[in-house]
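Order of listing sets the numbers, starting from 1, for every ligand and every atom in it. As the structure is a prediction and not an experimental result, all values here were calculated from the model.
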Amino acid sequence: MLVSFKEILKDAYEKGYGVGAFNCLSLENAIGAIQAAEELRSPIILQLAEVQFPYSPIELMAPIFLDLAKKATVPVCVHLDHGQSFETCAKAIKLGFNSVMIDSSSLPLEENIALTREVVHTAKSFGVDVEAELGMVGTIGVDADSTADVYTNVEESARFIEETGIDALAIAIGNMHGKYVATPRLNIDRLKEIKQRNQLPLVLHGGSGTSIEDFKSCIHNGICKINVATAIQLGVTEKVKAYVQEPSANYIDMKYRIVEASKEVVAWHMDLFESNGHA
Ligand code: 13P
């Protein structure tokens, strides 16, 4: 069933678990993710980021996500990840996404607040929820590896939440997108301070490659949504590479293998995030 972002995160916030938000770039990824959620009785967020539109067009992915969500026996939210402009968020809302992320975290604070407010104002008039980001979650190989000076500021987080009216805040605590060269050590103390100062579900981006210990500390200290993209791509690639070595390899079977690999990666994370059994 298609359930709002706010409702899914409220349960996670109250009960202290994390909901996995999985970037699905294909039909097979999305089918596998839903199969995992149904088998584990877990809520799930299906998402697509703006940078992924060139190879997974949002106009084509939206009906797939929405149909799977409506027919699923567990709560599913369909979310725009890292919308880079007001226009992209508006487009996702028009296509039926029930939550959007506006990521203006690279702008100065005042501008980040202003753009986020504008998106919240419009989204709310369509009953759509909003996530935004404060601090900078970079990308491995693109941004500098050191995140020491870009952690989310605690006082700014309180002001940002109050002035924008968002439903969830993505924070920077040493997490990065992509394939980590070495396992990161997240700043759990900063997470605790942000959690203590605010009463809002927090979001961890760059989930792939995080240590089990850090994942657990995150979900037990206020992180209610965890984004996972790279791990699915790595899991699928590994499975396909092995499969194509088989003499009987064929395209249809390969599609099933992709569904299976996606499902395995999603299920592994759901178990870790303790969302299983909450649907
Ligand atoms: P990873 O690719 O590191 O899992 O990050 C996913 C993400 O945060 C998408 O917004």
Greater than 12 external heavy atoms within 6.0 Å of R257's CZ = yes
key: Atoms of ligand 1 close to A229 [distance to a heavy atom under 4.0 angstrom, numbered from 1]   = 1 (P), 2 (O), 4 (O), 6 (C)
query = Heavy atom of A231 under 4.0 Å from ligand 1?
reply = no
key: Sub-4.0 Å heavy-atom approach of A49 to ligand 1   = no
remark   = At under 4.0 Å between heavy atoms, what of V137 touches ligand 1? The answer is neither
task = Using the six-membered ring wherever Trp is involved, compare the ring planes of F215 and H269 and label them parallel, tilted or perpendicular (cut-offs 30° and 60°).
result = perpendicular
Contact atoms of ligand 1, heavy-atom distance to T230 under 4.0 Å = 1 (P), 2 (O), 3 (O), 4 (O)
inquiry  = Need the ligand 1 atom indices (1-based, order shown) with element for anything under 4.0 Å from a heavy-atom of N23.
reply    = 9 (C)
query = Is it the side chain (CB and beyond), the backbone, both or neither of D81 that lies under 4.0 Å from ligand 1, heavy atoms counted?
reply = side chain
task = Please report the shortest heavy-atom distance between I232 and N23, naming the atom on each side.
result = CD1-O, 3.8 Å
inquiry  = Closer than 4.0 Å to some heavy atom of H82 - which atoms of ligand 1 meet that?
reply    = 10 (O)
note = Of all protein heavy atoms, the one nearest atom 3 (O) of ligand 1 is G178 N, 3.0 Å
query = How far is atom 4 (O) of ligand 1 from its nearest protein heavy atom, and which residue and atom name does that atom have?
reply = S208 OG, 2.5 Å
request  = Could you go through the salt bridge (Lys or Arg N to Asp or Glu O under 4.0 Å) check for E59 and K91 one step at a time?
outcome  = CA-CA 9 Å; E59 295 83 356; K91 186 175 185 177; 2.9 Å; yes
task = Considering heavy atoms of the protein only, find what lies nearest to atom 5 (O) of ligand 1 and give residue, atom and distance to 0.1 Å.
result = G206 CA, 3.2 Å
inquiry  = Using a 4.0 Å cut-off to any heavy atom of V228, which atoms of ligand 1 qualify?
reply    = 4 (O)
ask   = Roughly how far apart are I113 CD1 and L134 CG, rounded to 0.5 Å?
value = 8.0 Å
message = Surrounding NZ of K216 (heavy atoms of other residues, nucleotides or ligands, distance under 6.0 Å), is the total greater than 12?
response = yes
query = Considering all heavy atoms of both residues, which atom of I223 and which atom of I171 are nearest to each other, and what is their separation?
reply = CD1-CD1, 4.1 Å
query = What residue and heavy atom of the protein are closest to atom 7 (C) of ligand 1, and at what distance?
reply = H177 CD2, 3.2 Å
ask   = So which bit of K179 gets within less than 4.0 Å of ligand 1, heavy atoms only: side chain, backbone, both or neither?
value = neither
ask   = Just wondering, more than 12 heavy atoms not from R41 lying within 6.0 Å of its CZ?
value = yes
ask   = Transitive ILVMFWY cluster of I45 at side-chain heavy atoms under 4.5 Å: who else is in it?
value = M1, V3, F5, I8, L9, Y17, V19
task = Report, in ascending order of atom number, the atoms of ligand 1 lying under 4.0 Å from any heavy atom of H205.
result = 8 (O), 10 (O)
task = Report the hydrophobic cluster partners of Y13, with the cluster defined as I, L, V, M, F, W, Y residues connected by side-chain heavy atoms closer than 4.5 angstrom, directly or transitively.
result = none
